[in-house]
Amino acid sequence: LLLAAANAVAFTPDAEQQAEIGRVERYLNGIVTLRARFSQIAPDGEVAEGTFYLRRPGRLRFEYDPPYPVLVVADGVWLIYHDRELGQVNRWPVYATPLGVLVAEQIRLDGDVRVSNMVRQPGVLELTLVQKDKPGQGSLTLIFSDRPLELRQWWVVDAQGEITAVALTSVEKDLEFDPKLFFFSDPKPFNADENR
């Protein structure tokens, strides 16, 4: 994965790979809402499970099962990480995070976000994505089951090489969600300068 990120500029898809990238773009752009169960493995090996919600553009929610004390919500502008146990809230612009590409209004994999590597195995397609201008900042690898194409996993590699893996099961699309799912009520006032 790190090698793929480092060599992002070197990857030039051939016609067949370009067709696959186009197929992934069409699939992702066809998702307006999605709900799934998820299992997450953190860089330290800690495993957590919960329910994942996505609504494009700009919104997602990771609702972790107890006893994991974390909630992650994207409200269209911010990606908010709330650790209830520590009373800690962190925010980042959602489109500046690796998952921003999944909630973009128009998902394109040949603009600011580019494919740095593609792996095809029987029944599986993997695309590794990096920021065009900042390939060293990390990568997002999307893993799809094929025929039919469906998002099953992703791996986020941060700038330090730490890997977080997420697997999806029981995927449902085109559902109606309460808008409050993507609203976060801050337990403390927010200072926009905190995360700079």
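Nothing fancy with the numbering, it's 1 onward along the sequence.
- There is a side-chain donor-acceptor pair under 3.5 Å between N29 and R56.
- The CG atom of L151 sits 7.0 Å away from the CG atom of L28 when rounded to the nearest 0.5 Å.
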L71 and R84: CA distance, side-chain angles, deciding distance, side-chain contact (heavy atoms from CB on, under 4.5 Å) verdict: CA-CA 8 Å; L71 175 67; R84 297 182 184 97; 3.6 Å; yes
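- The pair D110-K132 does not count as a salt bridge, with every side-chain nitrogen at least 4.0 angstrom from each carboxylate oxygen.
- Summarising the geometry, atom NZ belonging to K180 is positioned 11.5 Å from atom OG belonging to S185; distances are rounded to the nearest 0.5 Å.
- With R35 as the partner, the side chain to side chain contact (heavy atoms under 4.5 Å, CB included) test is satisfied by one option alone out of L175, V171, L54: L175.
- Between V72 and I80, the closest side-chain pair of non-hydrogen atoms is not below 4.5 Å.
- To the nearest 0.5 angstrom, R26 atom CZ is 13.0 Å from I107 atom CD1.
- Smallest separation of non-hydrogen atoms from V103 and Y95: O-OH, 3.5 Å.
- Pairing each heavy atom of D75 with each of F182, the nearest pair is CB-O, 3.3 Å.
- A 6.0 Å sphere centred on CD1 of I41 holds no more than 12 heavy atoms belonging to other residues, nucleotides or ligands.
- Under the 4.5 Å side-chain heavy-atom criterion for Ile, Leu, Val, Met, Phe, Trp and Tyr, L79 and Y64 are members of the same hydrophobic cluster.
- Salt-bridge check for D178 with R55: failed, with every basic side-chain N at 4.0 Å or more from each acidic carboxylate O.
- No side-chain heavy atom of I21 sits under 4.5 Å from any side-chain heavy atom of R23.
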Chi angles and distances behind the side-chain contact (heavy atoms from CB on, under 4.5 Å) call for W78, V73: CA-CA 8 Å; W78 298 102; V73 177; over 6 Å; no
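- F11 and L125 fall within the same hydrophobic cluster, defined by Ile, Leu, Val, Met, Phe, Trp and Tyr side-chain heavy atoms under 4.5 Å apart, directly or through other members.
- If you chain together hydrophobic residues whose side chains sit under 4.5 Å apart, L102 and V156 fall into the same group.
- A pairwise comparison of heavy atoms in K173 and L34 identifies CG-CD1, 4.2 Å as the closest pair.
- Across A104 and P57, no two heavy atoms sit closer than the pair C-CB, 4.4 Å.
- Of the possible donor and acceptor atoms, none in the side chain of R37 sits under 3.5 Å from a partner among the backbone N and O of T169.
- Side chain of E49 to backbone of Q40: no donor-acceptor contact under 3.5 angstrom is found.
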Step-by-step side-chain contact (heavy atoms from CB on, under 4.5 Å) determination, W154 to L168: CA-CA 9 Å; W154 63 74; L168 304 180; 3.9 Å; yes
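- The local environment of CD in E172 is crowded, with over 12 non-hydrogen atoms from other residues, nucleotides or ligands closer than 6.0 Å.
- Residue W92 is grouped with residue L140 when hydrophobic side chains (ILVMFWY) are merged at heavy-atom distances under 4.5 angstrom, including chains of intermediate members.
- Taking both residues in full, the closest heavy atoms of F38 and T51 are given as CE2-N, 3.4 Å, listed atom of the first, atom of the second, then distance.
- The aromatic ring centroids of F62 and Y53 lie 6.0 Å or more from each other.
- In this structure, OH on Y81 lies 12.0 Å from CZ on F184, to the nearest 0.5 angstrom.
- Rounded to the nearest 0.5 Å, atoms CE (M118) and CG (L129) are 10.0 Å apart.
- When hydrophobic clusters are built by joining Ile, Leu, Val, Met, Phe, Trp and Tyr residues whose side-chain heavy atoms come closer than 4.5 Å, directly or via intermediates, V94 is grouped together with F52.
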Worked verdict on V113 versus V130 for side-chain contact (heavy atoms from CB on, under 4.5 Å): CA-CA 6 Å; V113 173; V130 295; over 6 Å; no
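- Across every non-hydrogen atom of A165 and W155, the tightest pair is CB-CD1, 3.6 Å.
- No donor-acceptor pair under 3.5 Å is formed between the side chain of Y27 and the backbone N or O of G22.
- No donor-acceptor pair closer than 3.5 Å links the side chain of D83 to the backbone N or O of G87.
- Judged purely by atom type and a 3.5 angstrom limit, R120 has no side-chain atom pairing as donor or acceptor with the backbone of E126.
- Taking the side chain as every heavy atom from C-beta outward, V47 and S39 approach each other to under 4.5 Å.
- In this structure, the separation between OG on S116 and CD on Q131 is 11.5 Å, given to the nearest 0.5 Å.
- Between the T164 side chain and the A42 main chain, no donor and acceptor come within less than 3.5 Å of each other.
- Salt-bridge check for R152 with E150: passed, with a basic side-chain N closer than 4.0 Å to an acidic carboxylate O.
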